[in-house]
There are 2 protein chains.
Amino acid sequence: MERRRMLAASGAAAAVLPVLAAPALAQAMPEIRWRCASSFPRALDTIYGAGEHVARRVAALTDNKFRIQVFQAGEIVPGLATLDAVQAGTVDCTHTASYYFVGKDPTFAFDGTVPFGMNFRQLNSWLNAGGGREVLKPFFDTYNVVSLQAGNTGAQMGGWFRREIRTVEDLRGLKFRIGGFAGNVLAKLGVVAQQIAGGDIYPALERGTIDAAEWVGPYDDEKLGFQRVAPYYYFPGWWEGGLNLAMLVNKAKMEELPPLYREVLESACRDATIETMAKYDRVNPEALRRLVAGGAQLRPFPRPVMEACYRAAMEVYEETSNTNAHFKRVWEHFKAYRETQLQWFRVAENSYDSFVYAMQAQEQQARR
Amino acid sequence: MERRRMLAASGAAAAVLPVLAAPALAQAMPEIRWRCASSFPRALDTIYGAGEHVARRVAALTDNKFRIQVFQAGEIVPGLATLDAVQAGTVDCTHTASYYFVGKDPTFAFDGTVPFGMNFRQLNSWLNAGGGREVLKPFFDTYNVVSLQAGNTGAQMGGWFRREIRTVEDLRGLKFRIGGFAGNVLAKLGVVAQQIAGGDIYPALERGTIDAAEWVGPYDDEKLGFQRVAPYYYFPGWWEGGLNLAMLVNKAKMEELPPLYREVLESACRDATIETMAKYDRVNPEALRRLVAGGAQLRPFPRPVMEACYRAAMEVYEETSNTNAHFKRVWEHFKAYRETQLQWFRVAENSYDSFVYAMQAQEQQARR
């Protein structure tokens with residue numbers, strides 16, 4: 001220690017010391033192979049790519065000693081059955097959106113996104129500095145998994161509609177392809193929520209079996225070609241203000257990892273969050289422009305529709321809290337944190353953003 | 001390879017192979033010590049802490065083989081002279097805000113933040129997926145440094161004013177403690193920009209030697225006690241819509257690192273970005289509440305003031321581009337990327353955010 005301190009204190013900037021600890025190091029870095037079942041098809045290169053990014057970073061940080069092989073949805077496990085496979089130890093982990101598992105327990109939604117919940121920054125703060133991860137832990141423990149944040153889509157779009165939504169009444173009877181928890185909210189307003197796998201949405205929209213469908217955002221939506229059969233493209237996707245992606249890891253497998261690899265996995269997942277957010281924000285603007293040029297009609301949800309959905313969502317939170325202790329515990333923590341976040345973001349962040357967007361709109365107007 | 005493939009394809013979830021590569025590994029992970037000069041005092045635990053976080057992650061990812069010792073501003077190098085020290089190789093790297101060096105060249109500002117520039121998400125996208133890092137590289141090459149993103153403050157506050165700003169005219173003659181590049185913008189509107197070190201701001205404000213001062217955001221500002229002598233707390237800090245923090249590394253030192261450690265350093269810096277953003281968003285809301293309870297008067301800059309500043313900023317960009325080739329090259333790339341980002345964020349992201357903030361305001365109103 002003395003020598004190290006002296007070197008550190010001397011002017012010598014970088015000191016390469018002789019290696020004394022090779023055997024310890026080799027023990028710390030054994031060769032390990034993991035299998036990761038993604039919930040996403042490879043064709044969704046951004047969201048699926050987040051899982052591959054984790055694998056790439058894990059390899060890069062361990063000189064290829066720790067390797068994770070990622071399988072696309074359906075390759076070894078169906079996309080929505082990956083949690084079962086992790087629990088059973090058939091695979092070591094799944095790269096997924098935790099809200100896919102709200103059928104098991106709606107508490108999963110908080111690890112993904114919830115209607116009128118927190119945006120990317122706010123959820124990131126809750127999970128990493130606000131105690132969110134700790135609050136979710138006892139819940140994930142009951143499934144024998146550890147959840148690591150590994151990507152985000154940002155605020156999503158509200159989806160594709162065959163006809164315009166002008167009033168709250170227009171929601172009544174609307175056959176809308178939308179995921180679990182948000183479906184419960186919309187059901188209160190008369191929407192008939194439909195669960196349809198990605199590949200089946202287009203024909204259902206085309207035939208009119210459904211009236212509307214939501215998917216992700218411009219970049220991912222574009223691949224499915226919805227604008228040709230349901231031209232009204234609504235925003236915002238208030239049920240997904242910033243979808244957090246997760247690496248759900250079998251708890252025993254996590255504990256078996258050498259400590260160094262646990263750190264590596266944590267870092268790789270955080271890296272994937274930065275990377276995925278950066279990529280989505282690069283590809284979405286270009287895709288949106290192409291969609292609009294190709295006939296998509298951009299529409300904001302009318303304010304009264306948004307307000308009715310908001311009230312319905314708050315009712316669902318209260319009702320679910322009454323029957324589910326995990327949900328209640330997490331919702332109360334989440335709700336209180338969201339409250340402080342919104343108060344702060346309303347000030348500097350939102351006034352800054354809103355002003356620059358307004359100036360851009362003004363400049364566009366002037367150019368016309 | 002055959003055996004690995006078989007193992008990967010078999011049901012065996014994690015396969016721990018015998019270690020074959022210990023000598024190679026030991027070579028890949030020598031003991032290295034670096035010294036990092038921070039531009040921040042330790043008392044600013046969030047922003048200074050980002051540098052320490054990098055050091056912690058580097059140690060965690062290398063089993064303590066690669067260690068970075070972080071020194072606070074002034075400890076071995078004055079806070080604003082750290083780039084010189086990195087160039088000279090006196091230290092290996094500096095954790096800083098690149099815009100501190102606009103006196104050398106205003107092009108540094110793009111690596112930090114610029115007036116009416118991109119927010120955290122947008123800048124993150126530009127740097128990591130939009131080609132920003134590549135566009136900045138030839139510029140940083142001329143200083144023999146590599147810049148790694150390592151933290152962000154989010155949108156900052158507009159600072160503390162002894163009297164209210166009601167019109168553009170109120171800016172004329174205003175003695176305002178504000179950093180370099182934004183000072184040039186405000187000079188166009190008659191502001192007398194002042195450069196005063198952190199510790200000297202409070203007495204200057206108290207005596208009325210200056211009329212106003214900007215610092216960071218609620219959490220950092222609170223420590224300096226400005227609300228007692230300049231109660232009007234303006235927002236947003238349009239000159240810092242999302243200050244990126246940087247780890248500027250001596251290029252030769254970077255190249256001397258074993259490849260594994262280069263990857264580790266990159267990951268550790270990205271980790272610090274997630275961590276710092278999460279922490280700022282946790283501590284700022286609480287600090288803002290305390291400041292307001294303690295007498296701070298929150299004020300938005302009036303729209304005409306914002307617009308005059310916006311026009312002045314665009315003039316400064318054009319003027320600087322006319323005389324500085326690096327600046328022109330980077331600004332043109334930055335500006336085009338910003339344009340696509342604003343178009344996209346105006347849609348889903350801002351409509352989502354603005355709606356939830358409006359609902360919160362409505363709920364607060366109803367509770368009163």
Side-chain angles (χ1 to χ4, degrees), chain A residues 7-8 13-17 19 22 25-26 28-34 60-61 63 69 89 92 116 121 124-125 128-130 155 157 235-236 241 253 260 263 267 270-271 274 278-279 281-282 284-285 288 300 306 310 340 342-344 346-353 355-357 359-360, chain B residues 8 13-17 19 22 25-26 28-34 60-61 63 69 89 92 116 119 121 124-125 128-130 155 157 235-236 241 253 260 263 267 270-271 274 278-279 281-282 284-285 288 300 306 310 340 342-344 346-353 355-357 359-360:
Chain A
L7 274 166
V16 180
L17 302 184
V19 175
L25 235 182
M29 296 186 71
E31 301 240 353
I32 291 187
R33 298 284 174 276
W34 269 17
L61 294 172
D63 212 12
Q69 191 178 1
D92 305 280
F116 302 105
R121 279 265 298 271
N124 180 55
S125 182
N128 291 304
M157 292 294 284
F235 64 90
K253 298 290 170 62
L260 181 61
E263 300 285 0
S267 270
R270 286 184 153 202
D271 203 305
I274 290 278
K279 273 196 184 162
D281 287 337
R282 179 174 69 76
N284 273 327
L288 183 62
M306 291 286 285
Y310 188 90
T340 67
L342 300 196
Q343 273 169 359
W344 163 232
R346 270 161 67 183
V347 182
E349 205 74 42
N350 190 245
S351 67
Y352 181 81
D353 286 345
F355 176 77
V356 294
Y357 304 146
M359 290 307 286
Q360 188 187 45
Chain B
V16 180
L17 302 184
V19 176
L25 235 182
M29 296 186 69
E31 301 240 355
I32 291 187
R33 297 285 173 276
W34 269 18
L61 293 171
D63 211 13
Q69 191 178 0
D92 304 280
F116 302 105
N119 69 16
R121 278 263 301 269
N124 180 56
S125 182
N128 291 304
M157 292 293 285
F235 65 89
K253 298 290 168 61
L260 180 62
E263 299 285 358
S267 270
R270 286 184 154 203
D271 203 306
I274 289 277
K279 272 197 185 163
D281 287 337
R282 180 174 70 75
N284 273 326
L288 184 62
M306 291 287 284
Y310 188 91
T340 67
L342 301 196
Q343 273 169 358
W344 162 235
R346 271 161 65 182
V347 182
E349 204 75 43
N350 190 246
S351 66
Y352 181 80
D353 287 345
F355 176 77
V356 294
Y357 304 145
M359 290 307 287
Q360 187 186 45

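Order of the sequence lines fixes the chain letters, A, B, ..., with proteins taken first and strands second; residue numbering starts at 1 for each chain.
To the nearest 0.5 Å, the span separating CZ on R270(B) from CZ on R270(A) amounts to 13.5 Å. Taking CG of L61(B) as the reference point, atom CD of E263(A) lies at 6.5 Å (rounded to 0.5 Å). Considering CD of E349(B) and CZ of F235(A), their distance stands at 12.5 Å, rounded to 0.5 Å.
Put simply, the side chain of Q343(B) never gets that close to the backbone of P285(A): no donor and acceptor are under 3.5 Å apart.
In this structure, chain A has heavy atoms under 4.5 Å from both the backbone and the side chain of L342(B).
Ring-plane geometry between F116(A) and F355(B) is classed as tilted, the angle between the planes lying from 30 to 60 degrees on a 0 to 90 degree scale.
Contact annotation: the side chain of S351(B) never approaches that of P300(A) to less than 4.5 Å [non-hydrogen atoms, C-beta and beyond]. Residues I274(A) and N124(B) have side chains in contact (heavy-atom distance under 4.5 Å, counting atoms from C-beta outward).
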**Item:** CA sep, side-chain torsions, deciding dist, call: M157(B), V347(A), side-chain contact (heavy atoms from CB on, under 4.5 Å)
**Value:** CA-CA 9 Å; M157(B) 292 293 285; V347(A) 182; 4.0 Å; yes

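Annotation: side chain to side chain donor-acceptor pair (under 3.5 Å) contacts of S267(B) (sequence neighbours excluded): R57(A), D271(A). In terms of the side chain to side chain donor-acceptor pair (under 3.5 Å) criterion, N284(B) has no residue partners (sequence neighbours excluded).
Side-chain atoms of D353(A) and N119(B) include a donor-acceptor pair closer than 3.5 Å.
Summarising the geometry of P236(B) relative to A348(A), their closest heavy-atom pair is CB-O, 3.5 Å, with the distance given to 0.1 Å.
Among M306(A), K279(A), R282(A), the residue with the largest count of heavy-atom pairs under 4.5 Å with chain B is R282(A).
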